[in-house]
Amino acid sequence: MTQRPPRPAADLDHQLAELEQEIGRLHVRARDHSESRETEIAALEQRAAQLREEIYRNPSPWHIVQLARQAQRPRLVDFLGSLFTDVIEIHGDRLFRDDPALLTALGRFDGQPVVVLGHNRGKDTKENIARNFGMPYPEGYRKALRAMRLAEKFGYPVISFVDTTGAHPGDQAEERGQAEAIARNIQEMSRLKSPILVVVTGEGGSGGALAIAVGDAVLMLQYAVYTVISPEGCAAILWHDASRARDAAAALKLTARDLQDLGIVDEVLPEPLGGGHRDAEAVYRVVRDGLGRHLQALREVPREVLLDRRYAKYRRIGRVVETLAAGGDGDRAEARP
Amino acid sequence: MTQRPPRPAADLDHQLAELEQEIGRLHVRARDHSESRETEIAALEQRAAQLREEIYRNPSPWHIVQLARQAQRPRLVDFLGSLFTDVIEIHGDRLFRDDPALLTALGRFDGQPVVVLGHNRGKDTKENIARNFGMPYPEGYRKALRAMRLAEKFGYPVISFVDTTGAHPGDQAEERGQAEAIARNIQEMSRLKSPILVVVTGEGGSGGALAIAVGDAVLMLQYAVYTVISPEGCAAILWHDASRARDAAAALKLTARDLQDLGIVDEVLPEPLGGGHRDAEAVYRVVRDGLGRHLQALREVPREVLLDRRYAKYRRIGRVVETLAAGGDGDRAEARP
Amino acid sequence: MLNWLRRPKYGTVERREMPAGIWDKCPRCRNLIYRKELERNLMVCPKCGYHHRLSAVERLEITLDQQAFQEYDASLTSTDPLGFEGYGAKLAEAREKTGQAEAVITGDGTIDGRRTVVAALDFHFMGGSMGSAVGEKITRATERAVESRLPLVIFSASGGARMQEGVLSLMQLAKTSAAIGRLHEAGLPYLSVMCDPTTGGVTASFAFLGDIILAEPGALIGFAGRRVIEQTIRRKLPDDFQTAEFCLQRGLIDMVVSRAEMRATLARLLAFFGAPRVAPAPEEPAPAAQP
Amino acid sequence: MLNWLRRPKYGTVERREMPAGIWDKCPRCRNLIYRKELERNLMVCPKCGYHHRLSAVERLEITLDQQAFQEYDASLTSTDPLGFEGYGAKLAEAREKTGQAEAVITGDGTIDGRRTVVAALDFHFMGGSMGSAVGEKITRATERAVESRLPLVIFSASGGARMQEGVLSLMQLAKTSAAIGRLHEAGLPYLSVMCDPTTGGVTASFAFLGDIILAEPGALIGFAGRRVIEQTIRRKLPDDFQTAEFCLQRGLIDMVVSRAEMRATLARLLAFFGAPRVAPAPEEPAPAAQP
Ligand SMILES: [Zn+2]
Ligand SMILES: [Zn+2]
């Protein structure tokens, strides 16, 4: 894992905020007093742009958490519309309820039939309330599993889009066995006889994310995050101080680059400077390109090899040591593949 | 299908009821007046016994419906206790609820591991209310399916006991997809890679029965019934007269012998004269014997042959004609195997 | 309606051959609708969207490409295996009324050029009830799909099992579901379309076993009947209980598709699942309505 | 307690080595219970049946036949892969406190003469949290079960994933579940025993993937924490929420088994599933408590 020198991201934030305030004040004064402040404003804005670029170029993990949570980030329905053709949404777990937080669909990618699924976050509050902010109930995971079994029946690849703060922390989700549903999906995905491609596009929140994120290739947008717990939750539990979320974000190694270094993410898909919401088309391009390459590679892999490789891929994730082996000093070892 | 001459079952019923009343009156009089009526009573009781035997020996379909509904008939828990050893009940569909109307268990039959399941009717009102009178909710069928998949994983035979008036006619059962659950079970049982033995022990009511009744061998106790609709329901719908249930019972061909004639039941297990509740041990004996023989035969069948035979068994059930074939007169034909 | 489908040999169909210009009262919105307009609108009320029930012939006419239909087992019918009081007369009456030998039409045809095996149940024939013949025809059609490696599309419209055949009719649930099970194992697609009403034994067998389950708007879909449920729970059920929309919300079906969109939706699904494309048949004049 | 288990090499266990005659207050019924009596009763309160939490060593001691245990990977432990603030110190503390290198003990042994692979999580070790080492040890044990064609029994007691290892710990859900998936495909039995508490990532992976799932009475079993749920739904949860009994009623587990019955129940299940029977080991005197 590479360590990068710490950057004073907080300072940059602070400077930028002050600049933006000052620019605002100048605009108001120019309007109210009919003064021309153009030169002054232009200078400040140039400085702000520089600062922004500096931040964008080397965003801190906490900045990246903010980018991942950006409300206007491309969502599943955007990817569905831009990367796939002949999309037909399918509904329901055939057991209890159709969970709008998790979308499943048939569609074509590069003309080939695939099954697409993912967390179905909305663009605005109304959509998000209707879709429970992309936090599935157990029936959402079971709906995803049904779609994946459909894919398996026909040998179609599964493409899964991960974008959730996590599982739904509600009593009914517990009563209907969300732990069981997540466990079941993880197990079934590890053995599903179809290629599985995963793209982490926004927030990859813990079990609610992993429940649809076990695959042969896990791609991740540059400013997405993927984490075992939210930085806020981590700071609250470990340090009893939710305001240390910024530190937790850094400590958790939740960025795409970190996760690539840790062997968890297979490819980082670069985003436009400042975040995917600034140029959605550019995001679609890198996702399309990434999916295309990996799908092509996976198509050629025989089914048994595919399953063996998938197993080996997860098998080796983790860092353990034999503390007392050979005299007690400890051999550092990757998990045995 | 053999046709038997009609018997005046109703008359016998009537005569017996009158005799029993008269015997009762004599007993009362003997007690109240300290008279000895022993000879008289003995004569009447002999006559009643004759009548009973006559009825028992040739019960009408409607009598058999009554016998099948007899409250003291041996139930699943009795069979579990008497035919199986090392019984361990297992619970739950792993989805929504543990349905007490449907029991699933591990156990040994003749020392061999099997999975046992069935409708879990109680012996008294309290038990029956707790178990919804053996009428499963969707989660009951799904629990049964889970148990069957467990059997399949280990190659253990499934032994299923059918004893229900039918599926639960409630709103929640509908909301949670009881049609889907029944259909799923029927399909999965038709393809399950384990031998399946079914014993219809009491009432085999429509879809609620069939949901656990698809198998390689379907045995049926002599005074059990198996029907597409209750005689009362049939009479009400077809003739708008529920009191014609007796006629419907005859018309529906719901007795074990009738169903054997129709190729639906593989073996009729004889019951003691007057019904299984009069000698439960005798019932256990015939069920044990029947299960033992069929299980032994099925054990020797290779898995693929088993599935092909099971398919063929159901494939040929039904009576159809080609009405207009070869000039329009109609060739009677069994369904093509 | 297109009125192109080759009619079966059974009897004469008089269904809806009323004098032109007649008006129908919509059973839902109570508006009077000009019959021709209703027919042009695929028997969907232009005022309220109510989907009138269609016969199996009408269903196939509006779904399949013209001329491409090859019917299976047109003359197969149930006998009266139990000697059930009144059954023979009812069968005869249903045949006379519908012009069909049984409550389902099966065959293969194309939808927008995609070949598929297809079945359509007919509620007008003894409530679309499944006896031996319906079960046998569904099963044979399913087996043909497996043999020919074709998809299967079934339009259900049924009150359930045909009680006049006793347990023989119940066993058709097992027979058809077993055939569908083999179809799934063979990796072939099965699209189930639930039309108004799809209840009882048909829901508890093939209708709920589709890879994709579609339904017409407002279609009644359920296992137990509303009346018996209300008796059990001792209260009124909500109006939308057991409707297609209710089932969609409960996760039991995939989509509710209006009749106007159904053909195109099926075509897209068949295309997705790789149903074989056939060259479009040469245009021929539509045949006269009756042979 | 039997106190026969070979102790791991790590540190000195001081757990419960208090002077004889001490009294414990039961956290549920508040009665004072004589420590020896509690131990004789397998750490179950004789007054109210409260099941005290056991260490992994205690769990194995009361479950396995004496002397038959062969430990796997005793010295395997998590490193601090993320350089996470405070993690190293916490690990060291947990090791010192429990005498274990990690939060799970794995190995094989016999239960009533039936050989099985077994794992026991230790809630006293960082809340039984699953980091790389716990995931790795569970996975290796599962793979050993497959290689040796042995059953697998896992006693879970865990607060979930170990957040100090970030997504590496989350990925242990995938790793262990994949291994369990292979075990199922190999047709080998897996008995999952949920002890108090089994929550978070461990429930969302191997703990809920047992062929048979058992739980101790009153054990807390759930994915999300009570507090966060109450914040979400803005009301109090019932007392029995997320208990073993609650899960049983919800169809999520197979049985609730008291500690007194657990060993016998596991033995019966292992016998049912055909776990290989081994000759009983010759009686040896129980070893002294500490090496
Ligand atoms: Zn209308
Ligand atoms: Zn106590």
Side-chain angles (χ1 to χ4, degrees), chain A residues 1 3 167-171 173-184 186-191 204 206-207 209-211 213-214 226-229 233-234 237-239 247 251-254 258-259 262 264 310-311 314-325 328 330 332 335-336, chain D residues 9-10 73-79 81-82 84-86 101 131-133 135-136 139-140 161 163-175 177-182 184-185 200-201 203-209 221-225 228-229 231-233 237 241-242 246 250-252:
Chain A
M1 207 179 53
Q3 285 289 35
H168 179 71
D171 54 341
E174 292 289 315
E175 286 169 9
R176 300 203 286 272
Q178 69 178 334
E180 193 280 341
I182 295 171
R184 179 83 38 210
I186 295 173
Q187 176 181 283
E188 297 300 307
M189 292 184 87
S190 77
R191 308 304 298 157
S206 195
L210 186 62
V214 176
Y226 194 0
T227 181
V228 66
I229 187 170
C234 178
I237 291 172
L238 283 188
W239 305 318
D247 300 333
L252 284 166
K253 305 293 183 216
L254 44 61
D258 287 333
L259 295 171
L262 288 168
I264 289 163
R310 191 186 302 155
Y311 188 80
Y314 286 93
R315 184 65 190 83
R316 67 178 155 255
I317 297 179
R319 301 287 167 93
V320 294
V321 290
E322 293 278 351
T323 43
L324 298 180
R332 182 167 289 259
R336 186 182 66 171
Chain D
K9 304 164 202 131
Y10 221 102
D73 308 308
S75 60
L76 202 78
T77 176
S78 271
T79 166
L82 311 186
F84 199 101
E85 178 184 330
S132 296
E136 180 68 18
T139 303
R140 286 190 192 178
M163 70 184 99
Q164 293 91 340
E165 295 187 32
V167 181
L168 286 176
S169 68
L170 184 65
M171 288 301 131
Q172 304 310 309
L173 277 65
K175 183 159 84 177
S177 300
I180 300 288
R182 279 194 165 186
H184 286 309
E185 285 179 10
T203 58
S205 57
F206 57 84
F208 259 120
L209 295 173
I221 298 169
F223 184 66
V228 60
I229 297 172
Q231 280 164 13
T232 307
I233 63 175
L237 290 163
F241 186 71
Q242 290 183 327
F246 170 97
R250 301 289 171 168
L252 300 175

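Residue numbers start from 1 in every chain, and the chains themselves are labelled A, B, ... in the order their sequence lines are given, proteins ahead of strands.
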Mind listing the closest non-hydrogen atom pair of [X] and [Y] along with its distance?
X	Y	value
S75(D)	E322(A)	OG-OE1, 3.0 Å
G170(A)	I233(D)	CA-CG2, 4.2 Å
G207(A)	F223(D)	CA-CZ, 4.1 Å
Y226(A)	V167(D)	O-CG2, 2.9 Å
V214(A)	A174(D)	CG2-CB, 4.2 Å
S169(D)	V228(A)	OG-CG2, 3.6 Å

Just so I understand: if I count every heavy-atom pair under 4.5 Å between each of [options] and chain A, which residue has the most?
options	result
A178(D), G135(D), A161(D)	A178(D)
I221(D), L168(D), V228(D)	L168(D)
H184(D), M163(D), R182(D)	R182(D)
T232(D), L237(D), L209(D)	L209(D)

Atom [atom1] of [X] and atom [atom2] of [Y]: how far apart are they, to the nearest 0.5 Å?
X	Y	atom1	atom2	answer
L173(D)	I317(A)	CG	CD1	11.5 Å
C234(A)	Q164(D)	SG	CD	7.5 Å
M171(D)	R316(A)	CE	CZ	13.5 Å
E174(A)	R250(D)	CD	CZ	11.5 Å
K253(A)	F84(D)	NZ	CZ	9.5 Å
L262(A)	S132(D)	CG	OG	9.0 Å

Check each atom of [X] against the heavy atoms of chain A and say whether the ones under 4.5 Å are side chain, backbone, both or neither.
X	value
F206(D)	neither
Q231(D)	neither
L76(D)	both
I180(D)	both
A179(D)	both

Considering only heavy atoms and a distance below 4.5 Å, find which of [options] pairs most often with chain D.
options	answer
E180(A), E175(A), Q178(A)	E175(A)
A211(A), S190(A), A167(A), P169(A)	P169(A)
I229(A), L238(A), T227(A)	L238(A)

Practice problem: Please state whether the side chain, the backbone, both or neither of I264(A) comes within less than 4.5 Å of a heavy atom of chain D. | Solution: side chain
